[in-house]
Each structure stands twice: as C-alpha cells, then as structure tokens.
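First up is the structure itself, then whatever we jot down about it.
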Amino acid sequence: MFRHQGRGRNYAHNLKLASILSCVAGLVNIAGVLAVNTLTTNVTGHFAFFSEQLILLNYKMALIYLLYIAFFLMGASLSGFIVELASKKKSHNAYVVPICIESMILIIVGLLPTFVEIGRSFSTLISFALLFAMGLQNALVTKVSQSVVRTTHLTGLFTDLGIEFSQLFFYREIAEKMKLHKSIFLKLMIISGFFIGGIIGGFLFQYFELKTLLLPAIMLLFALWYDSILLRFYHLKRSLRHDE
C-alpha cells in the first residue's frame, strides 16, 4: 500500500491507500471544524478568508489565515523532503516517518484537553497542528501513488470525475473502458471514504470531542502494521520458493 512505487505499484495498492487515508482525512476535517471551526484538509477557503480579513483591515486574522496556509505547506514540504531523502538512500520505508509524525500529532491534539483548558490561543495552535498533519498526509499519498491518489480535498476529484463520466459516452475499446471504470471507481472510493470519515467523526465528536482524533491515529498505525505484515509475508514466500 505504501512501500510499492513505480512499476511495482498497482491498482489494488492505490485502492487500499485511498480507502483508509481518505477516511482519515474525513475524520480529521470534521473534528477540526467542530472543535476549532477550521477546515484542516485544504487551503482553498483560507485564501478567501485571508483576502476578506485583509480588505476589512483585520490584519491579525489575516495573518492567522496566512499561517494556516503556511503550516499546510510546511507539512507537505517536510513529507516530500523525507520521501526524497529516503529514495536517495534506496530505502523502501520512506512512508514510515511521515505517517508516525502525523499519528503523533493527532494523538497529542486528541489528548490535549485532558491536560489543559482549550482557549483561543490553543484553538489556533490546534488548527496549525492539524493543517500541518494533513499537509504531511497529502504530500505523502501524492508522492507514493504518483499523483493518482489525493485524500485531503475533493474539488479536483469531482472535476476529474465529471470529465471521466463524460468520457463514458465516447470510449468504445474494451481496454480503454476498463481503465476508465477503474479510475472512476477509485475516485468514488476516495469520496466515499472522506464522507464516511466525516459522518463517523461527527457522530463520535458528540461524545468524545477532540479524542475523536485518536481513531484516525489508530487507523494510520494499523495501516503501517498491515503493510509491515504483508512485507514479511512476501519475504517469507520468496524465501520458501528459493528453498524449493
């Protein structure tokens, strides 16, 4: 799901990646909206709010919205740097560090209300942390899947999906239609995962508030564990073949 890149990567890997991490993004997004009234999975709206506050001469809020964008960018940059560094060293575990950092951020933010009272300043810090975490995830997924999967915002997905729906009326070759159907299904899985994550997160937030973020953290750690188990299985399978 994470480890395979280039020619070794196939549709099934991207489907698993899309299913789990889009749900994670949906959970984090709704938790951010309900807890601190901030969209944390994309920066499009923050550009509009930044412009609005600038026109209203509310420079403090304008700076905060600008920092929202900056923290998402910093998360994406760090993730890209780690993946590039690992690729230079021929490491197949480039994804481990970004996923661990993201999980750690979600756990810390989720447990924060247990230790401190969440005031205005902490709300801003929580927004920064969640935007940074989502920047990490989006860059990692984009890099690993070679831009096939994006899990933290849906605008581009709906645009691509609309284009592909229109192509259904024109493609006639079986191979082309099969490829198109797979692409549409992958995008629908990402959208569904994001929606399901949002619905589950909204329901859980009523009872657990920011502790809801522990669920996406567990999902990320499970994905790492699942990937490592599969890797050991494939190594064992290869070693048994060599022994025959």
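Counting from 1, the numbers follow the sequence of the chain as shown. Please read all numbers here as calculations on a predicted model, not as lab measurements.
The structure places CD1 of I69 at 10.5 Å from CG of N42, a figure rounded to the nearest 0.5 Å. A distance of 9.5 Å separates OG in S192 from CD1 in I199, rounded to the nearest 0.5 Å. We find the CG-CZ distance between L188 and F195 to be 10.5 Å, quoted to the nearest 0.5 Å.
Within the 3.5 Å criterion, the main-chain N or O of L21 finds a donor-acceptor partner in the side chain of Q137. Looking at T142, its side chain does come within 3.5 Å of a backbone N or O of N138 through a donor-acceptor pair. Between the side chain of S166 and the backbone N or O of I163, at least one donor-acceptor pair lies under 3.5 Å.
Taking both residues in full, the closest heavy atoms of K16 and Y226 are given as NZ-OH, 3.2 Å, listed atom of the first, atom of the second, then distance. Taking each heavy atom of L210 and A35 in turn, the nearest pair found is CD2-CB, 3.6 Å. Across all their heavy atoms, S145 and N14 have their closest contact at CB-OD1, 3.4 Å. When all heavy atoms of L106 and P216 are compared, the pair lying nearest together is CD1-CB, 4.0 Å. What you find for P98 and I82 is that their closest heavy atoms are CD-CG2, 3.9 Å. Considering all non-hydrogen atoms of both residues, F194 and T41 come closest at CZ-OG1, 3.9 Å.
By the side-chain contact (heavy atoms from CB on, under 4.5 Å) test, K179 pairs with no residue at all, sequence neighbours left out. Shown here are the salt bridge (Lys or Arg N to Asp or Glu O under 4.0 Å) partners of K187, two or more places apart in sequence or in another chain: E164.
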(request) Would you sort out whether Y68 and F128 count as a ring-ring contact (aromatic ring centres under 6.0 Å, His included), showing the intermediate values? (result) CA-CA 6 Å; Y68 284 169; F128 290 162; 5.7 Å; yes
(message) Please determine whether side chain to side chain contact (heavy atoms under 4.5 Å, CB included) holds for the pair K143 and E84, giving the CA-CA distance in whole Å, both sets of side-chain angles, and the decisive distance to 0.1 Å.
(response) CA-CA 9 Å; K143 189 75 177 174; E84 286 294 333; 2.4 Å; yes
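Not less than 6.0 angstrom separates the ring centroid of F169 from the ring centroid of F165.
In the hydrophobic clustering, where aliphatic and aromatic side chains (Ile, Leu, Val, Met, Phe, Trp, Tyr) are joined below 4.5 Å either directly or transitively, L73 stands alone. Residue I218 shares its hydrophobic cluster (ILVMFWY side chains chained together at separations under 4.5 Å) with no other residue.
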Using residues 46-57 as the side-chain source, report each donor-acceptor pair under 3.5 Å to any protein atom, sequence neighbours left out, with the distance given to one decimal.
residue: H46; atom: NE2; partner: L39; partner atom: O; Å: 2.8
residue: S51; atom: OG; partner: F47; partner atom: O; Å: 3.0
residue: Q53; atom: OE1; partner: N58; partner atom: ND2; Å: 3.0

Using atom types as modelled, flag every donor-acceptor pair under 3.5 Å from a side chain in residues 108-117 to any protein atom, sequence neighbours excluded.
residue: T114; atom: OG1; partner: L111; partner atom: O; Å: 3.2

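Within the 4.5 Å cutoff, the side chain of T212 has no heavy atoms near those of the I30 side chain.
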